[in-house]
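Here the structure is laid out as structure tokens; the discussion comes afterwards.
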Amino acid sequence: MEPAASRLAALFVLGLLVFFSPIVIAVNRPVGIFGFPLFPLYLFACWSALILLAWWIARRGRP
Amino acid sequence: MSRTVAAALLSFAYVCALFALAYWTDRARRRGRSYVDNPWVYSLSLAVYCTSWTFYGSVGRAAAQGPGFLPIYVGPTLVFFLAPTVLRRLSSFCRAEGVTSLADLLEALYGKKQALGTLATVLLVVGVTPYVALQLKAVGYSFELLTGLSPLGQQAVLGDAAFWAALLLALFSALFGARTLVASERHEGMVAAVAFESAVKLVGFLLLGAWVTWSVGGGLGRVFSRALARPDLSALFTLSSASGTTPSQWATVSVLAAAAVVLLPRQFHMLVVENVREEHLLPASWAFPGYLLLINLLVFPVALVGLLEATSGSPDFFLISLPLFRGHTLLAFLAYLGGFSAATSMVIVESVALSTMILHHLVSPLVLRRWSERDLSRPLLHAKRFFILVVVMLGYGFKRWIGESHTLVNIGLLSFSAVTQFAPAVLLGLYWKRASRAGALAGLSAGAAVWAYTLLLPSFVESGWVGAEILARGPWGISLLKPRALFGLAGFDPWTHSLVWSAVFNVGLFVAVSLLRPGRPSGEFVSPFRTAWIARSDLATLLTRFVGAGKAREVLAAVPERASPQVLIEAAERCLTGALGTTAARTILESVLAWPRERAVEILDVFGGVTRTLAESRDTLERRLRELSVLHEASNALSQSLDTDKLLSDVLHLIQRQFGFEHLAVRLLDPRGVLGIRSRVGLTADYVALSGAPPSRDTYFGQCFLDAKPVVVGDARNIQETRFLRLLAEDVPVTAFIHVPMIHEGRAVGVLTAYATRGPMHFTDEFVDLFAVLANQLALAVVNAQLYGEVQAYSQAMEAKVRRRTAELEQANERLRELDRLKSDFLSTVSHELRTPLTSIRSFSEILLRYDVTDLEKRRKFIQIIHDEAERLTRMINQLLDLSKIEAGRMEFHIEAVDLGRAFAQALDLARPLFTGKDASAGAEVEAGLPPALADRDRLQQVLANLLSNAAKFSPPCGEVRLLARRRGAFAVVTVADEGPGIPRERLGEVFERYIQIRDPGKDHPLGTGLGLTICREIVERLGGQIWVESEEGRGTTFCFTLPLGETGTA
């Protein structure tokens, strides 16, 4: 497997942890942080971070 | 201008723009430029995933369920991180097999048979067509909202914007989504339009979202802080029963969406069929998730603003109602356009994908059952376009009849759940070697049944079509079978409940049945057709029948001219799979390639019959051309070499290449009369060694050779097996064969044979004729090569002979030259030797004449010298005469028995004066009982006299010379020994040569003529003996010679 492909596969596993592990329950509280609701902030931040990582991996893996 | 007209015009203009874009892209592609061949367009086209259900529905879902809309995009995001691994594997498999839809994929994975594809097609059509209805409903609803018509009132069909939209979209899809029958061909025009629409909806949503958030809501921070302040709204920010989204639902919807983003017909189509190159999957792995993130970024704020501002109407359409009610008509139009884009792109791709599936799996099996010779390419293409129309109109029909029902509203997730049932079959099929067809069928059926029972049925209940008691109490009152609490599993939302049970049954049955009935392991799906053979032109005819002449030509032209039939068949299969589906393609090809007896004639007709209908068509010409080119190539090969083995193997390989025979032989009659294999392809050495035999009628090839007529056996399976055939059959399963005689000048010189192993064959007359011509060409070439070999051998023999004769002549010449030289030497030596005594005689006679020599004593002395020299001269001349006589063979020998004792006595008497002058003594002795020797008496005396005079000359004063005769075998050995100074060892060899004189070291002038010993040697050799000398310096010399004895028997 190409290195980029396996790194992306690892990112998939990281995504599973971020979105579907008990961490979700931990941040699943109706509180605000910096004026933003915590849970949506967490989701969108993680989501953006994952995509940025994927972009970085794909860019490095480009032949 | 009223808003209705404006909205209608806008929609129409927008669709026209799509037509133009698609047309322009297709035209560019025909000119060799692809605007679609880049990862951005690919990623955008994948965003067909975001339908109006996203564009409008996300806001509504957020307003109702909080984060409930997010898993629909989080699942796909994660799946696309697997794009370079799992999706790439899927894509390359589909590409290799010519797969164009999910149903095709299942058939390709699990053996190309019908049922699985049909089941999949039915499930998908049922699950997805209402989804099309949902899009049309969104178009109609948003149009009515925008134009101020009552959104809830039922319009007449002709006054319904959704109807006109459906019609236009069906037209677009039929034109750009079904350009050819071959679905595996990409539709760049359609892709370009869809990508453009994806861009429009993203830009539209972001612009609208930004306007709503900042202009209406007063900025992100303000919107969220206001929402957090309200308990009912802050509940929307968590996963809880209050927000309507539980953690389990969060996970479930993620899984469903993850499956749907790959397996929904439109997604599968965009992902696999329209994928220009696999490398695009890597950039798409972040670009597509990025798109999803962007289009969802402002969903929460918009929903919150809508709720905070207490906007009237459905939250689904906040994007239109918010600007509309604030008088920003233009923005409302923009929102409408975004939603329209989202809906139309989905309808277009979905209808194309579904119609392909219907054609491949519901229609083509029926058509094939009545497969005739008719050209089906046009009707099939029209059928495909018709099904596009049917799918769109079916969607519209659903929209009209059940537009407000619960079923249709929930159809998004219902569809997702339906396609999720395919996930185990696809994933396990790709990665698990033991996955079997029976397992897939069982799992999929069970999953579909569970889906229908736990999701579809309850939604029917909620739409009021089925009595509600089945939900409350279960069928026939069996509470264990309650659709939403199957086997007592309660406490989950319906989606999770259904997913759990369908997964249990689907995966469970799949794995269990696969393990129990492995059947054909799915690893075998790649197994191609068993060795088969079909002519290119036959395939062309076949393909033309289904995909039209142009496409058929294109497909076959892409295969190299010399490619094996296997490659041709695979290319044809890919093309047919694209056009008619995997199973249909396999069925068609198998029916052509199988070898039923009654069809063999029609199909294996290499050079003849297929063109019954097209007597002098291009096919015939091509076939003729091919035939000629085979002959031409053969004669080329034959003329290139005079080496029999090379030219035979060249021609056999040509036949192998051109006609696909794997086993070929040339038998030649060798000089021993054995008809043996001289050159071969694919036959074992053992068979070659065993099959050589004199031609006889017991064998087919012997019969062919003796009769000089072809022997053709089209079906060798049932013939009475000959010895050799049985031998051969151990290694090669011969099913048909042809022997043709190789005839040269009316005489068979060998047999050319082709063995077929693929089944019975019909050898047409044309083929047999061609084969016979090839054989005769071979015969001519073989005979030529043989003659050439003979001529070459003969000329080599001649050359050797000439060389030998030349060498002999040269030798003779050399000898002559040597003799000539010897003669000159001889003459000069003789004249020199004669001059010496003459000089003495002349000098002394001059003295006597000129001076008055008074002293008598002196005068006497002078005269004595003259006398001696004259005598020497005489002797020399006599000896010369003798020698020349001997050499010329003129000397006559009178052979008689000579008593050696008497001969010795006589010789000694004659030589006595020589000895007495030197006071030397001489004695003779003959062995007692020695018989007389056979010799010429006078010549023997001459030899003895010569040797004795030599001995006397070299004997010292008072020395002794002994003459001896002994017997040695049949010869008498005569020796003459003296006691003189002897001869140096190195000169022993030359004493018998002419004019060689061994001088007495004490005297300075020669004592003899130098011819005496030469004459002796000649005489002894003439008498049949040998002569030699033994000597040691200072110990005397012994001359020996042998003479044959007269009475050899009596001794």
Side-chain angles (χ1 to χ4, degrees), chain A, chain B residues 39 62 66-67 70-71 73-75 77-86 88 219-229 231 233-240 242-243 245 247 250-251 254-255 258 279 281-294 296-297 299-301 304:
Chain A
M1 211 191 305
E2 297 168 36
S6 37
R7 284 191 200 115
L8 279 168
L11 202 61
F12 168 78
V13 177
L14 182 66
L16 289 182
L17 291 179
V18 166
F19 290 124
F20 304 105
S21 71
I23 304 173
V24 176
I25 308 297
V27 295
N28 187 19
R29 281 179 298 158
V31 292
I33 178 166
F34 313 124
F36 290 98
L38 176 63
F39 187 56
L41 188 67
Y42 168 78
L43 290 183
F44 276 97
C46 290
W47 197 359
S48 313
L50 284 175
I51 288 169
L52 278 176
L53 273 174
W55 168 75
W56 183 67
I57 289 168
R59 204 188 56 154
R60 275 190 36 164
R62 203 169 39 201
Chain B
L70 277 174
Y73 309 97
V74 167
T77 297
L78 296 188
V79 163
F80 264 77
F81 290 159
L82 294 178
T85 46
V86 180
R88 188 177 183 134
L220 265 182
R222 194 172 136 73
V223 171
F224 278 113
S225 54
R226 279 176 69 196
L228 278 169
L233 291 188
S234 65
L236 289 176
F237 296 136
T238 53
L239 298 173
S240 64
S243 72
T245 307
W250 165 265
S254 294
V255 171
E279 294 83 75
L281 280 168
L282 184 63
S285 69
W286 64 267
F288 177 61
Y291 185 99
L292 296 181
L293 174 69
L294 285 179
N296 281 295
L297 211 52
V299 168
F300 253 128
L304 293 173

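A, B, ... follow the sequence lines: proteins, then strands. Residue 1 opens every chain.
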Hits for salt bridge (Lys or Arg N to Asp or Glu O under 4.0 Å) against B/Arg222, two or more places apart or cross-chain, chain-then-number order -> none
Heavy-atom contact with chain A under 4.5 Å, split by part of [X]:
| X | answer |
| --- | --- |
| B/Phe237 | both |
| B/Tyr73 | both |
| B/Pro289 | both |
| B/Leu297 | both |
| B/Leu292 | both |

Residue from B/Gly221, B/Ala287, B/Ser254, B/Pro247 scoring the most non-hydrogen pairs under 4.5 Å with chain A is B/Ser254
> Would you say the side-chain atoms of B/Trp250 pair up with the backbone N or O of A/Phe19, donor to acceptor, closer than 3.5 Å?
Replying inline: yes
Checklist line | Check: A/Asn28 side chain, B/Leu239 main-chain N or O, donor-acceptor pair, under 3.5 Å | finding: yes
Please report the closest heavy-atom contact between [X] and [Y], naming both atoms and the distance.
| X | Y | value |
| --- | --- | --- |
| A/Phe44 | B/Leu293 | CD2-CD1, 3.7 Å |
| B/Ser285 | A/Ala54 | O-CB, 4.5 Å |
| A/Phe20 | B/Ala251 | CE2-CA, 3.9 Å |

To the nearest 0.5 Å, atom CG of A/Leu11 lies from atom CZ of B/Phe80 at 14.5 Å
Margin query: As an exercise, state the distance from CG of B/Leu78 to CG of A/Leu14, rounded to the nearest 0.5 Å.
Written below: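 Between B/Leu78 CG and A/Leu14 CG, I get 9.5 Å after rounding to 0.5 Å.
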**Message:** Can you tell me which of A/Leu38, A/Leu43, A/Leu53 forms the most heavy-atom pairs within a distance under 4.5 Å of chain B?
**Reply:**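 Counting heavy-atom pairs under 4.5 Å, the top option is A/Leu43.
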Kindly determine whether B/Leu282 and A/Leu8 satisfy side chain to side chain contact (heavy atoms under 4.5 Å, CB included), including the steps that lead there.
-> CA-CA 9 Å; B/Leu282 184 63; A/Leu8 279 168; 3.6 Å; yes
Requested in this report: Could you look at A/Ile25 and say if it's the side chain, the backbone, both or neither that has a heavy atom under 4.5 Å from chain B?
Outcome: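 For A/Ile25, the contact with chain B is made by the side chain alone.
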Item to check | Segment of A/Leu50 engaging chain B (4.5 angstrom heavy-atom cut-off) | outcome: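 Looking at A/Leu50, backbone and side chain both touch chain B.
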For this session: For residues B/Trp286 and A/Leu52, determine if any side-chain heavy atom of one lies less than 4.5 Å from a side-chain heavy atom of the other.
Result: no
Evaluate B/Leu70 against A/Trp47 for side chain to side chain contact (heavy atoms under 4.5 Å, CB included), listing each step before the verdict. CA-CA 11 Å; B/Leu70 277 174; A/Trp47 197 359; 3.5 Å; yes
Can you check whether A/Phe36 and B/Phe224 have ring centres sitting under 6.0 Å from each other?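 Between B/Phe224 and A/Phe36, which both carry aromatic rings, the centre distance is below 6.0 Å.
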